[in-house]
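Take a look at the structure set out below.
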Protein chains: 2
Amino acid sequence: MIGRVTADNEVIDADLVERLRARGQRVTSQRLVINRMLRSRDQHVTAEEVLGAVTQTLPGTSLPTVYATLELFEQLGIVRRVNAGGGAVLFDSRTVEHHHLICRTCGAVQDVDANVELEAVFAAARRSGFAPDRAALVVDGVCADCGSSA
Amino acid sequence: MIGRVTADNEVIDADLVERLRARGQRVTSQRLVINRMLRSRDQHVTAEEVLGAVTQTLPGTSLPTVYATLELFEQLGIVRRVNAGGGAVLFDSRTVEHHHLICRTCGAVQDVDANVELEAVFAAARRSGFAPDRAALVVDGVCADCGSSA
DNA sequence: ATGACTGCAAACTCTTTGCACAACA
DNA sequence: TGTTGTGCAAAGAGTTTGCAGTCAT
């Protein structure tokens, strides 16, 4: 766990402030709180989950603000949008390479830590004129809970 | 291209009829026409695109029927659901392994033919009790058109 | 002071559901 | 003839937009 210790809020806040200042954008309490929430979970979340957690600290926060902030954070490179099955959109703040497992039965999403060799795909993409940036691997299947209860 | 010649409609129809009979399900003109359309394109399509093409042959076909049929075809193994970016859902009738490139700028989706070694991810998934079935790799980036016009 | 950000409400898109009629087996 | 499948209309979920007020700078 070296290098992946949960940083305290001051450090987390300072980091966000720096990123926002660099782009001439404002520091608001909503942005700070959402950022803290994301970092403390270090795991994919839905917009609703963000709202639920943020509301405890900052009552009255609205869903449009959550979406706007998550979109901003995506541009800042803090979160990554992940299209899970069924049109569900997740926001993932984990920066280490990992992929997602989606249960066909209950829809639960979990992480897998595994490296996938993507260079061949990226190379094939470039050959067709496409400039690849990131790749997301989503695995369908049946999770442990649903598999044992079936 | 051996083994991937466009089959004529009789063969395509017969194949579907067989699959439906095997499950005790009915053969309807909507199902036949949608199946033909998917096979003739051999490429990812949206529900709207299916409706547009099918309506030319079978006017009055409805969107709910298209969705119901695509869901049935998914169970039959004829199509695969692909969650592209932005909540767009595609139905892919290509059976050969391939992945998808999604342009961040215009949203266009194109195929890449490349093999990705998934065994490591599948093994990691199994280790956590998850029974993997299929994997979909989606690559974000900028397509040739958008890259050259930027 | 001034312009960006927030909250509220409503619109929007895509997909699914309920029900009556039609059509396959 | 008995279901299954279809079409229509409407509901639903999740996300985005417009606008007025508020707050960071």
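Since we're looking at a predicted model, the values are computed, not measured. Within every chain, numbering begins at 1; the chains are lettered A, B, ... in the order of the sequence lines, protein sequences first and strands thereafter. The figures that follow rest on heavy atoms only: side chains count, while hydrogens, waters and symmetry mates do not.
Residue B:Gln30 is in sugar-phosphate contact alone, with no base atom involved, counting any heavy-atom pair closer than 4.0 Å across all strands shown.
Heavy-atom contacts from other residues, nucleotides or ligands closer than 6.0 Å to CD of A:Glu10 number 12 or fewer.
Nucleotide C:dT16 holds its C1' atom 10 Å from the CG atom of B:Leu63, rounded to whole Å. Rounded to an integer number of Å, the gap from CG of A:Leu72 to P of C:dA4 is 14 Å. Distance, B:Leu16 CG to C:dC24 P: 14 Å, rounded to whole Å. A straight line from CZ of A:Phe73 to P of C:dC5 spans 12 Å, rounded to a whole angstrom. One can place CD of A:Glu49 at 11 Å from P of D:dG14, the figure rounded to the nearest angstrom. Residue B:Glu48 contributes atom CD, which lies 6 Å from atom P of C:dC14 at whole-angstrom precision.
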Take nucleotides 18-25 of chain D nucleotide by nucleotide from the 5' end and write B, S or -, depending on whether a protein heavy atom sits under 4.0 Å from the base, only from the sugar-phosphate, or from neither. ------BS
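Side chains of A:Phe91 and A:Val50 form no contact here, defined as non-hydrogen atoms less than 4.5 Å apart. By the 4.5 Å heavy-atom criterion applied to side chains, A:Asp92 and A:Leu90 are not counted as neighbours.
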For residues 127-137 of chain A, tabulate all N or O donor-acceptor pairs below 3.5 Å that involve a side-chain atom, not counting sequence neighbours.
| unit_1 | atom_1 | unit_2 | atom_2 | d |
| --- | --- | --- | --- | --- |
| A:Ser128 | OG | A:Ala125 | O | 2.8 |
| A:Asp133 | OD2 | B:Arg104 | NH2 | 2.8 |

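Of the residues in residues 51-61 of chain B, none lies under 4.0 Å from DNA chain C by heavy-atom distance.
Remark: A:His100 engages A:His44, A:His98 in a ring-ring contact (aromatic ring centres under 6.0 Å, His included) (not counting sequence neighbours). By the side chain to side chain contact (heavy atoms under 4.5 Å, CB included) test, B:Glu74 is found to be paired with B:Val79, B:Arg81, residues two or more places apart in sequence or in another chain being considered.
Counting only residues at least two apart or in different chains, salt bridge (charged side-chain N to carboxylate O under 4.0 Å, His left out) contacts with residues 17-33 of chain A comprise A:Asp15-A:Arg19.
For the pair A:Thr65 and B:Phe91, both in contact range of DNA chain C, the more 5′-proximal nearest nucleotide belongs to A:Thr65.
The phosphate of D:dC8 has neither OP1 nor OP2 within less than 4.0 Å of any side-chain N or O from B:Ser62.
Using a 4.0 Å cut-off between charged nitrogen and carboxylate oxygen, A:Asp113 and A:Arg94 count as a salt-bridge pair.
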